[in-house]
Amino acid sequence: MNHLEKLKRGLSTVLSALISVAIGLAFGFIILFLLSLSTYASAGEPFTLKQVFDTAYNEGFLRLMKGCFYMVRRGLKTEISQAAPLIMTGLSVAFAFKTGLFNIGAAGQYTLGAFGALYCAIVLKLPWYLCLLASVLFGAVWGAIPGFFKAYFKINEVITSIMFNWIGLYAVNTLIYGGGTGAMYCAKTTKTWVIGSGVYEGTTIPNISVFLSEKPQGLGLYLKDTSIAIFFAIIIAIILYIIINKTTFGYEIRACGHSQTAAKYAGISEKRNIILSMAIAGGLAGFGAGLYYLSGVAEWQPLVSTSLPGFGFDGISVALLASSNPIGVIFSALFIAHIDVGGGYMNASFFPREIADIVSGIIIYLCAFMLLFKTAISKGISRVFGAKKELEGGK
Amino acid sequence: MPNEILLLIKYTLLYSSVLMMVALGGMFAERSGIINIALEGIMVIGGLIGVLATQMTHGMNPVIQVAVSVIAAGLAGMIYSMLLAFASINLKADQTIGGTALNILATAIAMVIAKRVNGSQSSKLDYTNSSFIFNVFGIDVNVFLFIGLVFLILSFVILYRTRLGLRLRACGEHPQAADSVGINVYKMRYIGVLLSGFLGGIGGFAYIVPAVQSWNFEVGVAGMGFLALAVMIFGQWHPIKIFFAAIFFSLFKSLANIADSVSFLSRLQWPKEIYNMMPFIASMVVLALTSGRSKAPKAEGIPYDKGSR
């Protein structure tokens, strides 16, 4: 493939992602406008359309777009701490996509990863890096199971992953809760114990302040309590990019993704690659949970058995928006975390924060047929380049 | 003891009608060739609109209230499933991704609407469900049990005794062959998905309304849609087998519900999550055992393109 061809493909991928985002945001604005309109209408006082628009824009849309920068003091930390697990679950889904597998099980692998990390931190009181390792192992095992069923029984990994999501959630909650007397369960908060201080000293990932001077200025001031988890996530994304694009293993993975039969014909063990790739995907998702829960920003709630952790499913949006490119995943994860934090800063008496979820839902829906955009844009670019060539040829 | 058995029967009946209806819906979609992972989301939307209709018809004749809200729930699910049909049939999108998007969207939409209706920051809606429940021989039976049985019979008849059913199944097995004898594959697949939307919407409503008098849409339908997918697989895409699979699964789900309160179960001291887990583990075992001769429609999940062969 020549450079022009590569550039064209990259450009159309980025453009189609931006189009999905733009359409998603446009829908978001329409919903904000309608909610604003219905609020004014039900108030019973006369109002102008400009007022409706201004409220929707200033108290809704602008804050959604500003994200953490609306209240940077607390927002930045939240956004960065959310971006780290999102990058990891995004990478998990993206890596499986490269092998032609749809890892809808990131949520379950994330759950197991959280259990591994918290067990090592709370019960075994291990240092944080060993806890992180445990989160990877737990997630990898949970990811390998659907891979195994796919490779040896030809059962669709989507079905298996969905079932193992719920099995994992129920199992982890049972183990943590332990009938109310579990070692990891704090009955007062109905969550797992808060880690990071006292007997749990050293179980949390260090904060960014280790890199900063005694009295940080500017952004450093807002970031000093944030854990360095985000850097791990970014480094992993870069490593994954290299593995997928520059190594034999990466080549084999991509070959399986394009055509399993062709890969088999070329002497690639497709069974081994499916299991391995699901195990890696699971490990990545598990690592994301480790990064989140070992950052000390949240505790696990074992009594909540009705829904799977949202980061797992958001990973699907992240991966799709990035067209499964590991470097792209960093940016799309930051974007999803950004509008999620922004959603919380909207004027809640007018606009529920779930509007951010609607925007990301619409974006995934559009991503499902992103190929259509891509072909159209690619054709458009060809026309521009083609016209230029003709002109040059005419000279 | 008899009381506890009655409680178990009550919950089993409640859940089995829900799981059966939704699984039958999934069956119609998959038999036409479209994987419907969006059942969970369709249930949420159906439940939401059904609950809103119940609130609006409060105080009316119970028969009218039941009819209006059930039909509203079904239609809402049907309209929502159009999004899946449009993406996967017309635009040839990836069906699992489209379905996942609809699941995420549904909960978000339901919460935004519920909060707006409440005018507060809680997504909990209150309603009265007395019109939906009858007392038969000391057991509370809800109207969805009858609706479910009617749908079961209808599904069997439609799928195996009508021309529509035959055509629908053909599109799920070999759409090219179906097209070559003049069957409109797109139309059949639309019918399959819309039927699943209708059944899924009513199923979501049936899960929410009979059991409690207020529902927090934050939890969606708590994974019932995914459980229904498992029921459909366990039932091998066949209406009668789905009926038995639904009863089997709901027995475990009911055991999970009453595990703490019922004496003979609490003596076992099994955490309730064990019962919750069992249906999923059972379906995994069945899937593994039957993997060689799975009854899954051959062409499910593959977009139909008239040009390809």
Side-chain angles (χ1 to χ4, degrees), chain A residues 31 35 38-39 42 102 104 145 149 152-156 158-160 162-175 177-179 302 304-308 310 313-314 316-317 320 348-349 351-372, chain B residues 35 37 41 83 87-88 90-116 119-121 123 218-223 226-227 229-230 233 256 269 271-277 279-281 283-284 287-289 291-292 294 296 301:
Chain A
I31 295 165
L35 287 176
S38 86
T39 315
S42 59
F102 183 32
I104 201 173
I145 298 171
F149 276 100
Y152 287 96
F153 295 103
K154 297 239 181 311
I155 302 172
N156 191 331
V158 175
I159 300 291
T160 327
I162 288 176
M163 302 211 191
F164 274 89
N165 275 346
W166 292 97
I167 296 174
L169 181 71
Y170 294 136
V172 163
N173 282 348
T174 308
L175 288 173
Y177 181 59
V304 181
S305 287
T306 46
S307 57
L308 289 155
F313 290 106
D314 287 338
I316 299 171
S317 341
L320 286 169
S349 53
F351 311 119
R353 64 170 306 153
E354 286 74 27
I355 288 169
D357 295 338
I358 295 190
V359 172
S360 62
I362 291 173
I363 292 174
I364 323 183
Y365 182 71
L366 294 171
C367 285
F369 44 87
M370 213 188 226
L371 206 64
L372 276 186
Chain B
I35 293 181
I37 281 213
L83 288 172
S88 51
N90 297 90
L91 301 179
K92 302 185 177 52
D94 188 309
Q95 296 164 10
T96 32
I97 297 174
T100 307
L102 293 186
N103 284 339
I104 294 175
L105 264 179
T107 314
I109 292 173
M111 284 182 74
V112 169
I113 293 180
K115 282 182 179 176
R116 171 49 42 134
S120 72
Q121 292 186 39
S123 50
E218 205 173 6
V219 301
V221 288
F226 293 121
L227 196 60
L229 269 181
I233 294 166
Q269 295 215 322
K272 65 175 185 175
E273 312 287 24
I274 298 279
Y275 301 103
N276 271 328
M277 245 186 272
F280 288 111
I281 295 175
S283 26
M284 275 321 301
L287 269 178
L289 290 180
S291 68
S294 166

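Since we're looking at a predicted model, the values are computed, not measured. Every chain is numbered from 1 and lettered A, B, ... according to where its sequence line falls, protein lines coming before strand lines.
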- What one should report as the nearest heavy-atom pair of A/Gly361 and B/Ala101 is O-CB, 3.7 Å

- Item | Which atoms of A/Ile159 approach chain B - backbone, side chain, both or neither, heavy atom under 4.5 Å | side chain

- Of the backbone (N, CA, C, O) and the side chain (C-beta and beyond), which part of A/Leu320 lies under 4.5 Å from a heavy atom of chain B, both, or neither? side chain

- Item | Toward chain B, the part of A/Ile162 with a non-hydrogen atom under 4.5 Å | side chain

- Which answer fits A/Thr160, side chain, backbone, both or neither, if we ask what part of it has an atom under 4.5 Å from a heavy atom of chain B? both

- Okay, A/Tyr365 and chain B: the region with an atom under 4.5 Å from a heavy atom over there is both

- Quick one: what part of A/Tyr177 sits under 4.5 Å from any heavy atom of chain B, side chain, backbone, both or neither? neither

- Contact origin within A/Ala356 toward chain B - heavy atom pairs under 4.5 Å: neither

- Taking all heavy atoms of B/Glu218 and all of B/Ser123, pick out the closest pair and write down the distance. N-OG, 3.7 Å

- Go through the atoms of A/Ser42 and report whether side chain, backbone, both or neither lie under 4.5 Å from a heavy atom of chain B. neither

- Check whether B/Ile37 gets within reach of chain A through its side chain, its backbone, both or neither, counting any heavy atom under 4.5 Å. side chain

- Query: Parallel under 30°, tilted from 30 to 60°, perpendicular over 60°: which one fits the rings of B/Phe280 and A/Trp166?
  - Reply: parallel

- Residue from A/Ile167, A/Asn156, A/Ile31, A/Val359 scoring the most non-hydrogen pairs under 4.5 Å with chain B is A/Ile167

- Note on the structure: For B/Gly41 and B/Asn103 the tightest heavy-atom approach is N-OD1, 2.8 Å

- Query: What heavy-atom pair brings A/Glu354 and B/Val112 nearest, and what distance separates the two atoms?
  - Reply: CB-CG2, 3.9 Å

- Give a yes or no answer on whether the side chain of A/Asp357 reaches the backbone of B/Thr107 with a donor-acceptor pair at less than 3.5 Å. no

- Under a 4.5 Å heavy-atom cut-off, does chain B meet the side chain of A/Ile155, its backbone, both or neither? side chain

- Task: Give the minimum heavy-atom separation between A/Met163 and B/Ala230, together with the two atoms involved.
- Result: CE-CB, 3.7 Å

- Message: Using heavy-atom distances under 4.5 Å, tell me whether A/Ile355 contacts chain B through its side chain, its backbone, both, or neither.
- Response: both

- Query: Side chain, backbone, both or neither: which part of B/Leu102 has a non-hydrogen atom closer than 4.5 Å to chain A?
  - Reply: side chain

- Please report the closest heavy-atom contact between A/Phe313 and B/Thr100, naming both atoms and the distance. CD2-CG2, 4.5 Å

- Query: Where does A/Ile362 contact chain B at under 4.5 Å (heavy atoms): side chain, backbone, both or neither?
  - Reply: both

- Task: Heavy atoms only, distances under 4.5 angstrom: which of B/Val219, B/Thr96, B/Ile104 has the most pairs with chain A? Name it, please.
- Result: B/Thr96

- Task: Please answer whether the main-chain N or O of B/Ser88 pairs with a side-chain N or O of B/Gln95 as donor and acceptor at a distance below 3.5 Å.
- Result: no

- Message: If we define contacts as heavy-atom pairs under 4.5 Å, which of B/Met284, B/Gln121, B/Met111 has the most with chain A?
- Response: B/Met284

- Message: Quick check on the interface: out of A/Phe102, A/Phe149, A/Tyr152, A/Phe351, who has the most heavy-atom pairs with chain B under 4.5 Å?
- Response: A/Phe102

- Would you confirm whether B/Asp94, through its side chain, and A/Ala368, through its main-chain N or O, come within 3.5 Å as a donor-acceptor pair? no

- Test item: B/Arg116 and A/Thr39 side chains (from C-beta on) under 4.5 Å apart, heavy atoms: yes

